[in-house]
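Within every chain, numbering begins at 1; the chains are lettered A, B, ... in the order of the sequence lines, protein sequences first and strands thereafter. Not measured: the values here are computed from a predicted model. Values below: every heavy atom of this structure, side chains too, minus hydrogens, waters and symmetry copies.
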2 protein chains.
Amino acid sequence: MSDPDAAPAPARRGGNGRAGRVAYDLDAVLAVAVQAFNERGYDATSMGELAERLGTSKSAIYYHVSGKQELLRLALERALGNLEALLQEPDGQPGGAPDAAAPSALERLERVIRGAVRVLVQELPFVTLLLRLRGNTDVEREALARRREFDHAVARLVEEAVADGALRSDVDARTATRLLFGMVNSLVEWYRPGGGLTADQLADAVVAMAFEGLRAQPGARR
Amino acid sequence: MSDPDAAPAPARRGGNGRAGRVAYDLDAVLAVAVQAFNERGYDATSMGELAERLGTSKSAIYYHVSGKQELLRLALERALGNLEALLQEPDGQPGGAPDAAAPSALERLERVIRGAVRVLVQELPFVTLLLRLRGNTDVEREALARRREFDHAVARLVEEAVADGALRSDVDARTATRLLFGMVNSLVEWYRPGGGLTADQLADAVVAMAFEGLRAQPGARR
DNA sequence: GTCTATATACCGATAGAC
DNA sequence: GTCTATCGGTATATAGAC
């Protein structure tokens with residue numbers, strides 16, 4: 001999968017391109033659009049500005065997509081698809097060996113958290129866009145519904161872990177889930193790759209704070 | 001201070017109003033505007049829609065404010081003023097007695113966290129607007145600069161508490177601060193007053209999760 | 001596939017009557 | 001203080017040449 005932030009520059013055509021002709025494919029248009037939506041906001045970003053950023057005209061964009069809303073829909077599909085895959089394969093990576101014993105709810109929760117951090121980092125602009133939706137249009141409302149279903153699935157994991165006695169029960173499970181993913185989701189507001197913090201270090205910090213808290217524990221190896 | 005969510009209905013005039021005439025004052029206009037900005041986004045909200053929500057005309061709004069940007073500026077001023085006051089009086093409430101010993105950095109941090117939760121709850125729509133800014137205009141950039149200064153002040157508290165040995169040192173202080181306020185700020189995305197969770201209970205949950213973590217500790221009274 | 005030109009609609013803001 | 005009418009600007013999207 002291409003990194004949308006890395007190369008907003010136009011890609012040269014494949015074998016069927018005319019000599020030296022620079023063209024944009026859908027992925028390049030989408031990458032630039034998502035970056036612009038995140039910087040300025042979806043509503044504040046005009047098709048004219050997208051054309052400027054791409055060094056082309058509005059009409060050229062309409063050749064690739066049916067309109068501004070389809071750009072949004074494609075971007076949200078990518079973010080949601082990656083997040084939903086976490087729930088299908090809670091190991092964090094597909095194709096894992098058939099596990100020994102079934103993992104506990106707490107173990108599954110930690111894997112989902114680490115997976116979510118990984119997806120947020122790998123698909124940063126797309127997930128950023130998803131997390132800032134307001135639900136103004138049908139496209140946005142459909143995406144928000146899918147996001148809510150993801151949240152509910154995580155909440156069920158938290159409740160299960162509380163029932164197991166693995167998580168504290170004096171904080172409501174729903175509240176804990178929301179605070180937990182409030183912390184995870186806030187990554188998109190400040191994390192930037194290449195800033196001296198790898199995705200794994202970030203996941204470690206999130207899991208440590210979420211499960212053990214920030215307070216120094218006397219005698220603990222910290 | 002009036003509650004902007006509670007009464008979007010027009011307020012009757014004071015002593016100088018003509019008999020029975022319904023009018024809007026600046027506070028009523030601001031309350032409706034902030035609610036609309038949060039629901040639909042600032043850019044996606046037109047002055048025409050504000051007029052519709054107020055049951056009046058666009059011109060009537062322009063009588064009260066110079067334009068759409070001033071509505072934004074007034075709302076952000078209210079949110080920032082309340083947050084900045086937390087740093088001046090870290091007791092959480094003004095007029096506290098001159099304290100005995102100077103509180104530790106950890107104690108001051110907890111007071112700021114509880115104060116921030118209180119401000120978020122009490123001024124929910126205004127802080128929500130602040131936290132969703134993108135920095136498209138001068139008004140927004142000025143507000144973002146003030147917000148960054150607030151964040152930096154909290155980060156200095158965290159660093160001080162780490163230096164005291166009160167907070168764990170295996171998580172970078174900057175990262176910890178960002179995760180901490182990512183958790184706090186996420187409240188605006190889901191907390192609604194009257195939902196069975198008081199501001200104090202919420203602050204307890206935030207402080208418990210931030211400092212002690214979610215994991216059940218064997219033998220601990222939880 | 002990309003261009004220029006344009007159709008159509010809505011935006012923020014203002015003018016002037018009442 | 002609120003109204004109707006309208007200004008100038010810009011938005012999305014399309015038409016048709018090349």
Check nucleotides 3-5 of chain C for protein N or O atoms closer than 3.5 Å to its own N or O atoms and list the pairs.
| from | atom 1 | to | atom 2 | distance (Å) |
| --- | --- | --- | --- | --- |
| dC3(C) | OP2 | Thr56(A) | OG1 | 2.6 |
| dC3(C) | OP2 | Ser57(A) | N | 2.9 |
| dC3(C) | OP2 | Ser57(A) | OG | 2.6 |
| dC3(C) | N4 | Ser59(A) | OG | 3.4 |
| dT4(C) | O4 | Ser59(A) | OG | 2.5 |

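When rounded to the nearest whole Å, the span between CD1 of Ile61(A) and C1' of dT14(D) equals 14 Å. Following rounding to the nearest Å, Asp43(A) (CG) and dT12(D) (C1') show an atom-to-atom distance of 13 Å. Rounded to whole Å, the distance from OH on Tyr42(A) to P on dA11(D) is 14 Å. Here dG1(C) presents its P atom at 19 Å from OH of Tyr62(A), a figure rounded to the nearest Å. At whole-Å resolution of the value, CD in Glu52(A) and P in dT12(D) are 12 Å apart. Rounded to whole Å, the distance from CG on Leu50(A) to P on dT10(D) is 17 Å. What separates CE of Met47(A) from P of dT2(C) is a distance of 14 Å, to the nearest Å. For Arg40(B) and dC10(C), the CZ to P distance is 13 Å, given to the nearest whole Å.
Residues satisfying the salt bridge (charged side-chain N to carboxylate O under 4.0 Å, His left out) test with Asp204(A), not counting sequence neighbours, are Arg114(A). In terms of the ring-ring contact (aromatic ring centres under 6.0 Å, His included) criterion, residue partners of Phe150(A) (sequence neighbours excluded) are, by chain and number, Phe181(A).
Contact annotation: Tyr63(B) does not reach the phosphate of dT2(D) (side-chain N/O to OP1 or OP2, under 4.0 Å).
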Show me the donor-acceptor pairs within less than 3.5 Å that the side chains of residues 137-147 of chain B make with the rest of the protein, sequence neighbours left out.
| from | atom 1 | to | atom 2 | distance (Å) |
| --- | --- | --- | --- | --- |
| Thr137(B) | OG1 | Gln69(B) | OE1 | 3.1 |
| Thr137(B) | OG1 | Glu140(B) | N | 3.4 |
| Asp138(B) | OD1 | Arg141(B) | NH2 | 3.0 |
| Glu140(B) | OE1 | Arg134(B) | N | 3.4 |
| Glu140(B) | OE1 | Gly135(B) | N | 3.0 |
| Glu140(B) | OE1 | Asn136(B) | N | 3.3 |
| Arg141(B) | NH1 | Gly135(B) | O | 2.9 |
| Arg141(B) | NH1 | Asn136(B) | O | 3.3 |
| Arg146(B) | NE | Glu84(B) | OE2 | 2.9 |
| Arg146(B) | NH1 | Glu77(B) | OE1 | 2.8 |
| Arg146(B) | NH2 | Glu84(B) | OE1 | 2.9 |

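If you check dA13(D), dG12(C), dT2(C) against the side chain of Lys68(B), the one that comes closest is dG12(C).
Closest heavy-atom contact between Thr175(B) and Ala205(A): CG2-CB, 4.2 Å.
Residues in residues 28-44 of chain B take part in these salt bridge (Lys or Arg N to Asp or Glu O under 4.0 Å) pairs, two or more places apart or across chains: Glu39(B)-Arg53(B), Arg40(B)-Glu49(B). Sorted by first then second residue, the salt bridge (Lys or Arg N to Asp or Glu O under 4.0 Å) pairs that include residues 173-183 of chain A, not counting sequence neighbours, number zero.
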